[in-house]
Protein chains: 2
Amino acid sequence: MTPLRLGKVQLQIMQILWRHGRVTARQITDELSQQSPIAHSTVQTLLRKLEAKGAVAHEVVDRTFVFVPLQEQADVTESAARDLLTRVFGGSVYGLVAHLLRHEKIAPDELARLRQLIDKEGQQKKP
Amino acid sequence: MTPLRLGKVQLQIMQILWRHGRVTARQITDELSQQSPIAHSTVQTLLRKLEAKGAVAHEVVDRTFVFVPLQEQADVTESAARDLLTRVFGGSVYGLVAHLLRHEKIAPDELARLRQLIDKEGQQKKP
DNA sequence: CCGGTAAATCTACCCCGGTAAACGAACAAG
DNA sequence: CTTGTTCGTTTACCGGGGTAGATTTACCGG
């Protein structure tokens with residue numbers, strides 16, 4: 001299980017795949033182009049590279065490719081998060097969270113939910 | 001102020017720079033080689049690339065280069081964290097922290113300190 | 001049957017991180 | 001003076017992300 005490193009656009013493609021489950025290259029191009037224009041062939045190239053890597057697969061429906069994600073979102077999220085955690089924060093969850101609290105603005109209700117979450121986590125000492 | 005993208009080894013070099021303030025290329029090579037062997041010329045090449053990017057500078061002392069970091073650790077940390085936050089967690093601090101709590105094992109005392117930190121953050125509503 | 005349309009493939013760049021050998025300069029020891 | 005060591009510089013290569021034009025393939029409508 002190699003960590004599977006994904007680039008910026010590749011991640012965006014995977015996210016579209018995860019949201020919709022089954023999409024054509026054209027759909028991906030359209031959705032990506034809403035943010036910044038991108039050539040259809042570029043998307044196709046990246047999809048081929050993703051497929052070569054085992055991150056996606058395609059089925060042929062009506063002579064057009066329908067792509068499906070193979071790599072789980074949870075896995076990619078996990079490896080990306082752990083990557084930042086270890087490389088930048090030396091593995092300290094406290095360090096990362098402290099940084100987020102200090103440098104990112106957080107809505108008060110989010111903060112409240114966070115406190116609840118941590119409390120619940122603390123309760124799970126004795127199962 | 002471009003985000004300044006750094007690779008894996010480049011980040012390690014910057015971290016050594018940040019720890020020591022002023023180091024020679026040799027010191028960096030030695031320190032990096034404790035983890036995984038790396039050629040001295042590789043380190044020098046990366047240092048040149050970092051300098052070309054404005055991340056470091058060098059002074060000449062006794063005919064050898066002494067490198068100093070120009071880019072602040074806080075800035076790099078910040079951009080890396082925000083990068084993950086926006087690209088993977090859609091900007092949701094809650095999402096990222098929740099992920100960390102769920103998937104990373106955290107020492108009980110770290111959890112306690114986290115709760116304190118969040119409480120203190122909550123108090124700063126009315127200054 | 002023919003031309004348009006749309007999809008897929010081929011091919012070719014550029015950039016940059018990482019890797020390192022090869023070369024050159026300068027000094028230190030003998 | 002010659003040789004070896006230690007720097008720094010030059011140069012080259014690989015891999016992979018990103019980009020996209022050009023080309024082929026296949027269908028569909030007139």
Side-chain angles (χ1 to χ4, degrees), chain A residues 2-17 22-33 35-68 71 76 79-80 83-84 87-88, chain B residues 2-17 22-33 35-68 71 76 79-80 83-84 87-88:
Chain A
T2 45
L4 182 60
R5 155 141 206 88
L6 294 182
K8 178 170 129 283
V9 183
Q10 288 184 342
L11 179 62
Q12 292 174 343
I13 290 178
M14 290 306 292
Q15 285 168 342
I16 293 175
L17 265 286
R22 304 165 34 87
V23 284
T24 66
R26 176 57 54 184
Q27 282 175 277
I28 294 176
T29 300
D30 291 347
E31 201 159 325
L32 285 182
S33 293
Q35 297 163 352
S36 62
I38 188 171
H40 185 51
S41 53
T42 301
V43 174
Q44 285 170 321
T45 302
L46 291 182
L47 279 169
R48 278 194 297 111
K49 290 185 177 180
L50 283 172
E51 187 158 25
K53 231 182 317 197
V56 308
H58 75 268
E59 316 155 6
V60 180
V61 176
D62 283 333
R63 271 121 195 141
T64 74
F65 285 11
V66 175
F67 289 89
V68 293
Q71 196 74 44
V76 173
S79 77
D83 208 60
L84 180 78
R87 287 224 280 255
V88 179
Chain B
T2 46
L4 182 60
R5 151 141 203 92
L6 293 183
K8 178 169 132 284
V9 183
Q10 288 183 340
L11 179 61
Q12 291 175 343
I13 290 178
M14 289 305 292
Q15 284 167 341
I16 293 176
L17 266 284
R22 302 165 35 85
V23 285
T24 66
R26 179 94 271 156
Q27 284 175 279
I28 294 176
T29 301
D30 291 346
E31 201 160 327
L32 284 182
S33 292
Q35 296 162 354
S36 61
I38 189 170
H40 185 50
S41 54
T42 301
V43 174
Q44 282 169 324
T45 301
L46 289 183
L47 279 170
R48 275 197 305 108
K49 290 184 177 179
L50 283 173
E51 188 157 26
K53 233 185 311 200
V56 308
H58 75 268
E59 316 155 6
V60 179
V61 176
D62 284 334
R63 277 129 190 129
T64 74
F65 284 11
V66 175
F67 290 89
V68 294
Q71 195 72 197
V76 173
S79 77
D83 207 60
L84 180 77
R87 286 224 278 257
V88 179

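Bear in mind the structure is a predicted one, so any value in this text is a computation, not a measurement. Throughout, a chain's letter reflects where its sequence line sits, starting with A, and its residues are numbered from 1.
- Counting only heavy atoms from C-beta on, F65(A) has its side chain closest to dT9(C) among dT9(C), dA20(C), dT19(D).
- Within the nucleic acid shown, L6(B) has no heavy atom closer than 4.0 Å to any nucleic acid atom.
- In this structure, CG of L11(B) is placed 13 Å from C1' of dG17(C), rounded to the nearest angstrom.
- For dA20(D), one of the phosphate oxygens OP1 or OP2 lies less than 4.0 angstrom from a side-chain nitrogen or oxygen of T42(A).
- V60(B) has its side chain within reach of F65(B): a pair of non-hydrogen atoms, C-beta onward, lies under 4.5 Å apart.
- OP1 and OP2 of dG8(D) both lie 4.0 Å or more from every side-chain N or O belonging to R63(B).
- When each of L17(A), T45(A), L4(A), V56(A) is checked for a side chain to side chain contact (heavy atoms under 4.5 Å, CB included) with L50(A), only V56(A) meets the rule.
- For dA7(C), the OP1/OP2 oxygens have no side-chain nitrogen or oxygen of T64(A) closer than 4.0 Å.
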At a cut-off of 3.5 Å, list every protein nitrogen or oxygen paired with a nitrogen or oxygen from nucleotides 23-25 of chain C, distance to 0.1 Å.
none

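- When heavy atoms are screened at a 4.0 angstrom cut-off, R48(B) is found touching base atoms of the nucleic acid.
- Comparing dC27(C), dT19(D), dA7(C) by their closest approach to the side chain of Q44(A) singles out dA7(C).
- In the set dG18(C), dT19(D), dA22(D), the nucleotide with an atom closest to the side chain of S41(A) is dA22(D).
- Figure legend. dG30(D) is base-paired to dC1(C); pairs are counted as Watson-Crick or G-U wobble with both atom distances under 3.5 Å.
- For the contact set between residues 50-62 of chain A and DNA chain D, defined by any heavy atom under 4.0 Å, the members are K53(A).
- When each of dT19(C), dG17(D), dC10(C) is scored by its nearest atom to the side-chain atoms of V9(B), the top-ranked nucleotide is dT19(C).
- Near DNA chain D, defined here as any heavy-atom distance below 4.0 Å, the residues from residues 24-32 of chain B are A25(B), R26(B), listed numerically.
- Among the atoms of the strands shown, base atoms are found under 4.0 Å from some heavy atom of K49(A).
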